[in-house]
Each structure stands twice: as C-alpha cells, then as structure tokens.
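Below is one structure, written out as structure tokens; the observations come after it.
Letters go in sequence order (proteins before strands), and every chain restarts at 1.
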Amino acid sequence: MLNIVVCVKQVPDTEQAIRAKSDGSGIEESGLNWILNYYDEHAVEEALRLKEKHGGTVTVVAVGPQRATEAVRTALAMGADEGVLVTDPAIDGADGIGVARVLAKVIADLPFEVILAGRLATDDNAAVVGAALAELLDLPQATAISKLALDGRVATVDRELEGGSETLEVDLPAVFTVERVINEPRYPTLPGIMKAKRKEIKTHTLESLALDGAVGAAAARSRAVRFEAPPKRQAGQIMTPPTPEEAASAIVAFLQNDAKVI
Amino acid sequence: MGKDVWVLVDHEAGAVRRITLELLGKAREIATALGGRAGAVLIGPSRDDTNTKLAAHGADVVLRAEGDGLGAYTTEAWTAVVSDAFRAHAPAALLVPSTAWGRDCAPRIAARLGAGIVTDVEDLAWETDHLVARRPMYTRKILATVALSGDGPQIAVVLPKVFPLPDAASDRVAEQVALPGRTSDREPRVRVLGRHEIKRERASLSEADIVISGGRGLRAPENFALLDGLAATLNGAVGSSRPPVDSGWVPHEYEIGQTGKTVSPTVYVAVGISGAPQHLAGMSGSKFIIAINKDQNAPIFQVASLGVVGDLFAIVPKLTDEIGKAKAAT
C-alpha cells in the first residue's frame, strides 16, 4: 500500500488574456478563469496510476486562497482520495521557499512514500517549490521526470538533460516533479465530479499548523515588485513572393543584410 | 555581506557549457562594481583546459571540489558542496545556469541556506545591496521585476543566451581554491544508472545561434529532414513547436514554448508554425524571427522580422540551396 501526496496549485488559465494592474503591483484578477496547474494534472495522473498499480491512497495538498479548493476538487474528481487546503491571509506574499515551508509542515504529519508535483506552475514558472520541499523534509528528489516506475522501496526515473536524458534510481520516500510527457491526464468523469463535490476538504491555517512567522511577505527573500506587459515585438516585413525562388532570395538577403549571419 | 559573485559551472566531464561562460561575464561585471571577485564553482572531474577556459572568460578564482561521490551530478552532493562553500566564503550572490542540473539543485541550495532565489532570469542587475531580475511570467504575457532581499545569499537561475559570451583573454590566470569534497557519510539516496545522448550533429538547441523550428505545417515526421538540411547549411539546431511533439514526430527535447524550452538565438526560423501564445512564450526573445507559413493570417507573422507567405515544401529546399551558394560565394 502506497501513500502518495500530490502538491497542487491553482493558477489563472494562461490561454486567456493576462493583464498587469495599472500600478504594476500584480495582475488584474477580476474575470480570470482559475484552473488546476497544467503540470499538476500530470502529477495527479501519475499518482492515480501508481495507486492503480500498487494500491494505496492519493492525498492532494494545496496552498492558496479559498478559491483554490476548486483546484483540489478537480484533482478529487480525477480520482484522488483526500484533499487538504492551507489558506491564510498571512501566507500572501510568500516566496517559493515560504510555500515549501507550509507544505513541508502539512506533509510531515501525513503518511507518505511518494510526493509528486508538477515541474513548475504556469503562473510564475518558478520551479522552486518541489526541490525546496525535498530539502525541508530531508528527502531525495528527482525533478522534471519523464518516466517513473516503482519496485518496493526504490523508484527508477528518467529525466531530460541538455541533449539527452539520465536514468536515476531513487530511494523512497522521495519527492518527484513531473514533465508533461510522463503521461496523458484523464478527464474527470461525471460520477467522479459528483463524488468530489461531496468530499470534505480539510482546511488548515498557519495557526492550526503551529507555523511561526517563517512564511508570508515578511519572510520572503524573493518578491515580484513590478508586473508589466512585455514590450511588443515590431512586426517586420510580410511578403508573398510569387515563386519559391524569390522567397528564398528574400530570406537569403535578410540573413546577409539584416541578421548578418551569412 | 560578501562582495564576490559566483557562477555554478555546468559542465560534462570538464567540458564547460557555453551558458557558464555567459554568466561569468555577468558575474565579473557585478563583482567588479562591488569591489569583489568573480568565482567559478567547479564540481567533479575536469579536463586540462577547464580551468584556463573559466579564467579566460572572467573567473578570478576557481573553487573546485572533486573526489568520491562527485563523479556524476547528483542533487544532494552538489547541494552540499555549494551550500558549505557559501557558508565558508559568504559571496554576495550565486548565478546558476538554467539547465537541467542547475534548475534541479538551485532551489534546494536556496532552501538549505534560507536564500532568496529567482529563476528564468532574462536580465539582472545589482542595486544597492540586492539582485534585481527581470523574468517572464504567465506564458510571457507578463514581464515581472523580481527583487531579492535579506542579508543572506542571493541566487539567480539565468536562461541561456541572454548575456553575451565575454571576450576570452587567454593570459588570465585564476586563483585555485580547493573546496572540501563529499563530507556526508550517508549512503547516496539517488544513484545515476545511466546517461543517454540524443545525437545532434551541431550546437544544442539552447546554445545555437540559429534555430530552425518546425510545426504542424510539416505534416509528417519525415519532413523534418527538410529542416535538418537547412540547419546544416546554417550550422543551426532543429527545434519544434508543440504539435509535432504531441504527434510523436520528434522527441520532447525538441520542443520550444511554455511546455518546452526557452531559446533566444540570433535567428529563429519558424517553418509551418502558426504561432500560438504557448509557442511564442519560448522564442519571443530571439533577435530576428523569420516565419514561413502558407496562412497569411497566422499569428506568427505578428512577431516576425521577416514573414514569407508561401509553401514551405517549395521554399525550404530552394532556401537551403541558395544559402549554400551564398556561402560558397563569400
């Protein structure tokens, strides 16, 4: 029987327009559609596959505002067994290390052999929390893995490198963050969604976790101080050459005269 | 607080990755302003020319750890070496290449040291007593300014090709400092079973000056051979947008975009790529973008320096020939 914990985050769907507030203090949140982080869907899927193969339970843990319960429910609807949300205004402004401290505190009280998370969250793209969590729990880690297999107390994983990949053997318990190619996440089924709606999501505050001031804005050593739209690229020349020969000549001229690479 | 700025050396058996040298240039710039030195942290086996290369590109000091347990990269061994060195020497900042290994160990080092960390860095400056970085967020729909703080160490994980390769001065010599090797007597909990190379004839995707990238418009995996031919004449690397990866035409290692790599080459040639935001997130930092697409309304044309509307199957082979001729003529 495996105890699997999956760390998830709720993020705005970046398929929609994302705008900075006019004072640059953050992003305009009104009207945004919030979803379960794309890579975390893959982490939940991997957890469910492990459970189906080896038996066990899947517990989903999120840190965020009250609305993040919806991301936890999405994971429950996919088939996770338990949901936990840590929500507290005092967590606002926490950096990745601060969030990892909260997760470490929650997870330390849970039974686990495998901890999974997405390789990054598509809002800040930071890819900090997974490895920081492994450090704070004093566990081995493998990040951005594309394959995971368990045999007793040992996992074998593949991860991409620059121009290649490596295969690692990892002693459990351990933290794994997953790349998108590891699996194809299932869609929640209607019965799954109905069941998830009835499930109680356990809620913690910093007080109920007995966490001191080591999280939140005051403890953060990394802070996004300004948000703005990226500079727009100037669209250049668009042409419709009548023949492939003319198209090729135009590109060669550009490579020679503008880019100066030949 | 210290005045030195360190770079974690990403290397394969002593062969230093280009991004390490790019970061040395930046480290030296910041260290000089602080009145400190640029340090290169070199872990594991090296080659005869490793030291000279690091020194030539800006390292004033090479801090070196080798020996048992440091033969191949593992998270825990590198984390221990860097964290212990940080505590012993207290540099102001550590710049880490955004490579598989750098991204893997940097957050763990930050957690161990209680350090501020910023990743995906595209610009970096030292202001008064802290690093200030610029980085994309939200699929590059936002550009964020991130400030690190605290009196502890500061760590920036920097993307490839955002800083220029510094000029090499082959007469420069770096001071050598030996760092303690593996000090833990705990058995390693992660063991490297093997490393597998994806053969590339030329530069790697994140280091190449020219990237030729293919999308759904290529229609079939065998048509990537067209891009290989073009890349060969330009000494470039071949990448892809997401659909060819999802269709199994090329491995995920090729993918550029939100769910793949971020590249910033001098020239990015998008062939049969429509230009979805998720793809633009990974290549908008390119200096010049050339797009070839038969759909004149494709969003890629809105970011292209040169957009060519036409049939890629007719244009690309012609282009490969023409470049070959142009090169032969010069």
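If you run side-chain contact (heavy atoms from CB on, under 4.5 Å) between Ser305(B) and each of Gln237(A), Arg233(A), Gln234(A), only Arg233(A) comes through.
Side-chain atoms of Glu162(A) come within 3.5 Å of backbone N or O of Ala100(B) as a donor-acceptor pair. The backbone N or O of Gly163(A) sits less than 3.5 Å from a side-chain atom of Glu253(B), completing a donor-acceptor pair. The main-chain N or O of Ser249(A) is never found under 3.5 Å from a side-chain atom of Lys318(B) such that the two would form a donor-acceptor pair. Judged by distance alone, the side chain of Arg135(B) and the main-chain N or O of Asp124(A) form a donor-acceptor pair under 3.5 Å. Counting only distance, with no hydrogens or angles, the side chain of Lys141(B) and the backbone of Ala17(A) share no donor-acceptor pair below 3.5 Å.
Leu133(A) does not touch chain B: none of its heavy atoms, backbone or side chain, sits under 4.5 Å away. Residue contact with chain B, scored on non-hydrogen atoms closer than 4.5 Å, involves the side chain of Ile97(A) exclusively. Residue Asp95(A) does not touch chain B at all, counting heavy-atom pairs closer than 4.5 Å. For Ala115(B), the part sitting under 4.5 Å from any heavy atom of chain A is the backbone (N, CA, C, O) and nothing else. Within the 4.5 angstrom heavy-atom criterion, only side-chain atoms of Ile292(B), from C-beta onward, approach chain A. For Arg186(B), the part lying under 4.5 angstrom from a heavy atom of chain A is the side chain only. For a residue to count as touching a neighbouring chain, one of its non-hydrogen atoms must lie under 4.5 Å from one of that chain's; by this rule Leu172(A) does not touch chain B. Of the atoms belonging to Pro12(A), it is side-chain heavy atoms, and not backbone ones, that fall under 4.5 Å from chain B. In this structure, chain A has heavy atoms under 4.5 Å from both the backbone and the side chain of Thr99(B). Of the atoms belonging to Thr156(A), it is side-chain heavy atoms, and not backbone ones, that fall under 4.5 Å from chain B. Interface remark: Leu306(B) contributes backbone and side-chain atoms alike to the contact with chain A (heavy atom separation under 4.5 Å). Only the side chain of Glu255(B) comes within less than 4.5 Å of a heavy atom of chain A; its backbone N, CA, C and O stay farther away. Only the backbone of Arg19(A) comes within contact range of chain B, with at least one heavy atom under 4.5 Å from a heavy atom of that chain. Using a 4.5 Å cut-off between heavy atoms, Ala220(A) contacts chain B through its backbone alone, with no side-chain atom that close. For chain B, no part of Ala144(A) is nearby; none of its heavy atoms comes within less than 4.5 Å. With a 4.5 Å cut-off on non-hydrogen atoms, Asp120(B) touches chain A through its side chain but not through its backbone.
Ranked by heavy-atom pairs under 4.5 Å with chain A, the first of Val267(B), Val192(B), Thr259(B) is Thr259(B). The residue among Asp246(B), Ile210(B), Thr74(B) with the most heavy atom pairs within less than 4.5 Å of chain A is Asp246(B). Ranking Pro317(B), Ser204(B), Ser284(B) against chain A, the residue ahead of the rest is Ser284(B), based on heavy-atom pairs under 4.5 Å. Between chain A and the residues Lys325(B), Lys287(B), Gln258(B), Arg140(B), the largest count of heavy-atom pairs under 4.5 Å involves Gln258(B). For the options Pro136(B), Ala72(B), Ala144(B), Ala106(B), heavy-atom pairs under 4.5 Å to chain A are most numerous at Ala144(B). Counting heavy-atom pairs closer than 4.5 Å to chain B, the top-ranked of the candidates Ala134(A), Ala229(A), Ala247(A) is Ala134(A). Top candidate by heavy-atom pairs under 4.5 Å with chain A, chosen from Gln302(B), Arg191(B), Lys327(B), Lys261(B), is Arg191(B).
Leu148(B) has its side chain out of reach of Arg221(A): every pair of non-hydrogen atoms, C-beta onward, lies at least 4.5 Å apart. At least one side-chain heavy atom of Leu161(A) sits under 4.5 Å from a side-chain heavy atom of Arg195(B). With a 4.5 Å cut-off on side-chain heavy atoms, Val261(A) and Asp209(B) do not count as touching. Inter-residue side-chain proximity for Val303(B) and Lys232(A) is flagged as unmet; no heavy-atom pair is nearer than 4.5 Å. Taking the side chain as every heavy atom from C-beta outward, Val308(B) and Pro241(A) approach each other to under 4.5 Å. Annotation: side chain of Ser149(B) is not in contact with side chain of Arg223(A) (no heavy-atom distance under 4.5 Å).
For the pair Ala20(A) and Ile142(B), the tightest heavy-atom approach, listed with the atom from each and the gap, is N-CD1, 3.6 Å. Heavy-atom minimum distance, Ser222(A) versus Val146(B): OG-CG1, 3.5 Å. In plain terms, the two heavy atoms of Leu234(B) and Leu255(A) that are nearest each other are CD2-CD1, 4.2 Å. Shortest non-hydrogen contact noted between Asn125(A) and Thr119(B) is O-OG1, 4.1 Å. Residues Ala248(A) and Glu322(B) share a closest heavy-atom pair of CB-CG, 3.8 Å. The minimum heavy-atom distance linking Asp171(A) with Pro188(B) is given by the pair OD2-O, 4.1 Å.
Distance check: Ile238(A) CD1 to Phe301(B) CZ gives 6.0 Å after rounding to the nearest 0.5 Å. Residue Glu246(A) holds its CD atom at 10.5 Å from CD1 of Ile315(B), rounded to the nearest 0.5 Å. If you take OG1 on Thr143(A) and CZ on Arg103(B), they are separated by 8.0 Å, rounding to the nearest 0.5 Å. To the nearest 0.5 Å, the span separating CG on Leu168(A) from CZ on Arg189(B) amounts to 14.0 Å.
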For Trp101(B) and Arg159(A), what are the C-alpha separation, side-chain angles and deciding distance, and is it a side-chain contact (heavy atoms from CB on, under 4.5 Å)?
CA-CA 10 Å; Trp101(B) 294 337; Arg159(A) 58 190 302 267; 3.6 Å; yes
How far apart are the C-alpha atoms of Gln141(A) and Val190(B), what are their side-chain angles, what is the distance that settles it, and do they pass the side-chain contact (heavy atoms from CB on, under 4.5 Å) test?
CA-CA 8 Å; Gln141(A) 73 183 54; Val190(B) 176; over 6 Å; no
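By the 30° and 60° cut-offs, the orientation of the rings of Phe288(B) relative to Phe254(A) is perpendicular.
Taking the charged nitrogens against the carboxylate oxygens, Arg112(B) and Asp138(A) have no contact shorter than 4.0 Å, which rules out a salt bridge. Using a cutoff of 4.0 Å between basic side-chain nitrogens and carboxylate oxygens, Arg134(B) and Glu228(A) are scored as salt-bridged.
In this model, no donor atom of one side chain and acceptor atom of the other lie less than 3.5 Å apart for His196(B) and Glu166(A).
Contacts with chain B (heavy atom to heavy atom, under 4.5 Å) involve these residues of residues 174-182 of chain A, listed by number: Glu179(A), Arg180(A), Val181(A). Within residues 22-46 of chain A, the residues approaching chain B closer than 4.5 Å by heavy atoms are, in numerical order, Ile27(A), Tyr38(A), Tyr39(A).
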